[in-house]
**Q** 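Below is one structure. I have some questions about it.
Computed from a predicted structure; not experimentally measured. The chains referred to below are lettered A, B, ... by the order of the sequence lines, with proteins before strands, and numbering in each begins at 1.
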Amino acid sequence: MPWKGIKDPYKIWLSEIILQQTRVEQGMAYYERFIGNFPSVDLLANATDETIFKLWEGLGYYSRCRNLIHTARHIHNNLGGVFPGTMAGLLSLKGVGDYTAAAIGSFAFGLPQAVVDGNVLRVLARYFGINNPVDETAGKMLFGKLAQDLIDLNQPAKYNQAIMDFGATVCKPMQPRCFECHFNKTCVANKEKKQSEYPVKSPKKQPRSRWFYYLVLEHQNNLLVIQRKDKGIWKDLHEFFLKEELSATDESLIFEAGYWGIPGLSIDVGNAVLSDEFIHILTHQRIYGRFLHVRIDQKVEIDGYTWLSSNEIDKIAFPRLITKYLEMKEA
DNA sequence: AACTCGGGGGG
DNA sequence: CCCCCAGAGTT
């Protein structure tokens, strides 16, 4: 990784926020882009929300971006542009939890704090044969204490980096390389051939299904857009006029102006194109999306919505469901 | 304690 | 289809 060995707390913080619940391969390009645009926390703090969200577009978990902006400005405005060097100080930053505080603390400041991420949980659960679910309170306590007992207090950064690298390359989730593992003689999971049974996790609930019908209104190359403000999925990102349904809606109904409930709207079938269904799979939701693109001659105004040129559209962030649609429409 | 929050990649 | 990812915040 490009930031390995780096001690700049800003770069470590940025990389760790980007990598929360995100694979290194996926986050890498985003990290490079952010550092290229904002080499310091002060430059990040002075950027506009839209600029930053646009750079984050497509990475998901957008509250991370919101907290990133908040924390950058907090450090710039209230802390003189200097990151806190204690665990308590780091934990007080929005978006910085136990893992990220330990990562910044050990890597940037040499604090003797053990990181506990998905890699560490898997390594410890397998090696010691721990059956406690890692996502329950008791399990988190147990693994946190164990990790802290094991850390090499003389070189915490090196230890933390090593155990995560080990989990990512040897003690992998699938097909762990036990045959060449230094610990295969004493590892409980390997001895019992139960590598796949660790770590134990509590059962996850099944995702809910939602049906999103978007009306893409176009007037003289401008599109009608709104920013999602309600808490929930895609908060702060932009979208088109949305009607959400609890089940699939018939095509013929979608073409009727009355379906959308917009005063003054009329849909000429000759100027309307209905997309195929986009199936957008998330961890906790299945979203079925369809887009009705309508060119109108008579401009309508809707409370909260804004007409934007394609130039302006390019500067704001959309969820992947919508960028995929836009990319399809371009082609 | 349970829920919510994105998106992508691999088997 | 399933899994999981250098987790954190809210309810």
**Q** Could you spell out the base pairing of DNA chain B as a dot-bracket line? Use Watson-Crick and G-U wobble contacts where both distances are under 3.5 Å, [ ] for crossing pairs, | for partners on a different strand.
**A** |||||.|||||

**Q** Just call it for A:Arg286: base, sugar-phosphate, or nothing, with non-hydrogen atoms closer than 4.0 Å on any strand.
**A**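 Result for A:Arg286 = sugar-phosphate.
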
**Q** Do the side chain of A:Arg122 and the main chain of A:Gly167 share a donor and acceptor less than 3.5 angstrom apart?
**A** yes

**Q** Ignoring hydrogens and angles, does a donor from either the side chain of A:Arg64 or the base of B:dC5 sit under 3.5 Å from an acceptor on the other?
**A** no

**Q** Mind calculating the distance between CG (A:Leu68) and P (C:dG9) to the nearest angstrom?
**A** 13 Å

**Q** Need to verify one output field. Residue with the more 5' nearest nucleotide on DNA chain B, A:Lys231 or A:Ala138?
**A**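 Between the two, 5'-proximity favours A:Ala138.
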
**Q** Could one point to a donor on the side chain of A:Thr22 or the base of C:dG7 with an acceptor on the other under 3.5 Å away?
**A**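 Side chain to base: no pair present.
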
**Q** Heavy-atom distance under 4.5 Å between the side chains of A:Glu277 and A:Trp211, does that happen here?
**A**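 Sidechains of A:Trp211 and A:Glu277: in contact.
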
**Q** Using atom types as modelled and distance alone, determine if a side-chain donor or acceptor of A:Arg208 lies under 3.5 Å from a backbone N or O of A:Gln285.
**A**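 No.
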
**Q** Counting distance only, does the side-chain N/O of A:Asn184 pair as donor-acceptor with the main-chain N or O of A:Cys178 below 3.5 Å?
**A** yes

**Q** Could you state the CD-P distance from A:Gln206 to C:dC1, rounded to the nearest angstrom?
**A** 11 Å

**Q** Let me know the distance between CG of A:Asp135 and P of C:dC5, rounded to the nearest Å.
**A**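 The answer, rounded to whole Å, is 11 Å.
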
**Q** Please test A:Asn311 against A:Ser309 for side-chain hydrogen bond (donor to acceptor under 3.5 Å, both in side chains), starting from the C-alpha separation and ending with a verdict.
**A** CA-CA 5 Å; A:Asn311 214 355; A:Ser309 67; 5.5 Å; no

**Q** For A:Val120, report the nucleic acid contact type (base, sugar-phosphate, nothing); a contact means any heavy atom under 4.0 Å.
**A**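 The answer is nothing, as A:Val120 stays clear of every strand by at least 4.0 Å.
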
**Q** From the set B:dG7, C:dC4, B:dT4, return the single nucleotide nearest to any side-chain atom of A:Lys204.
**A** C:dC4

**Q** Should A:Arg122 be listed as having a side-chain N or O under 4.0 Å from OP1 or OP2 of C:dC5?
**A** yes

**Q** Using ring centroids (six-membered ring only for Trp), state whether A:Phe166 and A:Phe183 fall under 6.0 Å.
**A**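 Between A:Phe166 and A:Phe183, which both carry aromatic rings, the centre distance is below 6.0 Å.
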
**Q** Using a cut-off of strictly less than 4.0 Å, decide whether A:Lys205 has a side-chain nitrogen or oxygen near OP1 or OP2 of B:dT4.
**A** yes

**Q** Any side-chain N or O of A:Tyr61 less than 4.0 Å from the OP1 or OP2 oxygen of B:dT4?
**A** no

**Q** Which sits closer to the 5' end of DNA chain C, A:Asn67 or A:Asn119, going by the nucleotide each is nearest to?
**A**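 Taking each residue's closest nucleotide, the earlier one in sequence belongs to A:Asn119.
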
**Q** Would you find a donor on one side and an acceptor on the other, under 3.5 Å apart, between the side chain of A:Tyr30 and the backbone of A:Ile18?
**A**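 Looks like no, no N/O pair under 3.5 Å.
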
**Q** So that I can tick it off, tell me whether A:Arg295 and A:Glu218 are bridged by a salt bridge, with the cut-off set at under 4.0 angstrom between side-chain N and carboxylate O.
**A** yes

**Q** Strictly below 4.0 Å, heavy-atom distances to any atom of DNA chain B: list the hits from residues 313-331 of chain A, or just say none.
**A** A:Pro319, A:Arg320, A:Lys324

**Q** Does OP1 or OP2 of C:dT10 have a side-chain N or O of A:Lys235 closer than 4.0 Å?
**A**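 No, A:Lys235 has no side-chain N/O under 4.0 Å of OP1/OP2 on C:dT10.
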
**Q** For atom CG of A:Asp297, is the number of surrounding heavy atoms from other residues, nucleotides or ligands below 6.0 Å larger than 12?
**A**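 No.
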
**Q** Rounded to whole Å, please give me the gap between NE2 in A:His284 and C1' in B:dG7.
**A** 11 Å

**Q** Over how many whole Å does the gap from A:Arg23 atom CZ to B:dG8 atom P extend?
**A** 13 Å

**Q** What's the CZ-P distance between A:Arg66 and B:dG6, to the nearest Å?
**A**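 Roughly 8 Å, once rounded to whole Å.
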
**Q** Determine whether A:Leu19 and A:Tyr31 make a side-chain contact, defined as any pair of heavy atoms from C-beta on separated by less than 4.5 Å.
**A** no

**Q** Out of B:dG11, B:dG9, B:dG6, which has the shortest distance to the side chain of A:Gln175?
**A** B:dG11

**Q** For C:dC5, take OP1 and OP2 only and decide whether either is under 4.0 Å from a side-chain N or O of A:Gln21.
**A** no

**Q** What nucleotide among B:dC5, B:dG11, C:dG7 has an atom nearest to a side-chain atom of A:Gln285?
**A** B:dC5

**Q** Touch check for A:Ile17, heavy atoms < 4.0 angstrom, all strands: base, sugar-phosphate only, or nothing?
**A**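 Nothing, no heavy atom under 4.0 Å.
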
**Q** Can you tell me which nucleotide in B:dG7, C:dC4, C:dA8 comes closest to the side chain of A:Trp234?
**A** B:dG7

**Q** Taking 4.0 angstrom as the limit, do A:Arg320 and A:Glu327 come out as a salt bridge?
**A** yes

**Q** Check whether any side-chain heavy atom of A:Lys243 lies under 4.5 Å from a side-chain heavy atom of A:Tyr259, and answer yes or no.
**A** yes

**Q** Considering only heavy atoms, which members of residues 140-159 of chain A lie under 4.0 Å from some atom of DNA chain B?
**A** none

**Q** Under 4.0 Å between a side-chain nitrogen and a carboxylate oxygen: does that hold for A:Lys315 and A:Glu50?
**A** no

**Q** If I pick the P atom on C:dT10 and the same atom on B:dG6, what distance separates them, to the nearest angstrom?
**A**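 The same atom, P, in both gives a distance of 14 Å.
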
**Q** If you check every side-chain atom of A:Gln26, which of C:dG7, C:dC3, B:dG6 has the closest atom?
**A**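 Ranking C:dG7, C:dC3, B:dG6 by closest atom to the A:Gln26 side chain puts B:dG6 first.
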
**Q** Indicate, with a heavy-atom threshold strictly under 4.0 Å, whether A:Met174 touches base, sugar-phosphate, or nothing.
**A** nothing

**Q** Taking CZ from A:Arg208 and P from B:dG6, how many angstroms apart are they, rounded to a whole number?
**A**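 In whole Å, B:dG6 P and A:Arg208 CZ are 11 Å from each other.
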
**Q** Whether A:His280 contacts B:dG6 is assessed here as follows: a side-chain N or O lying under 4.0 Å from the phosphate OP1 or OP2. Is that the case?
**A**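 Result: no.
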
**Q** Keeping the roles fixed (side chain from A:Arg126, backbone from A:Gln195), state whether a donor-acceptor pair exists under 3.5 Å.
**A** yes

**Q** Have a look at A:Gly58 and say if it touches a base, only the backbone sugar-phosphate, or nothing, with a 4.0 Å heavy-atom cut-off.
**A**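 Sugar-phosphate only.
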
**Q** Name the nucleic acid region contacted by A:Asp98, choosing base, sugar-phosphate or nothing; use a 4.0 angstrom heavy-atom cut-off, strictly under.
**A** sugar-phosphate

**Q** Does the base of B:dG6 carry an N or O that pairs as donor and acceptor with the side chain of A:Thr283 under 3.5 Å?
**A**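 Pair found.
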
**Q** For the side chain to side chain contact (heavy atoms under 4.5 Å, CB included) test, which of A:Leu223, A:Ile302, A:Leu217, A:Val225 pairs with A:Trp307?
**A** A:Leu217

**Q** Would you kindly give the CG-to-C1' distance between A:Leu90 and C:dA8, to the nearest whole Å?
**A** 15 Å

**Q** Could you work out which one of B:dG6, C:dA8, B:dG9 sits closest to the side chain of A:Gln20?
**A** C:dA8

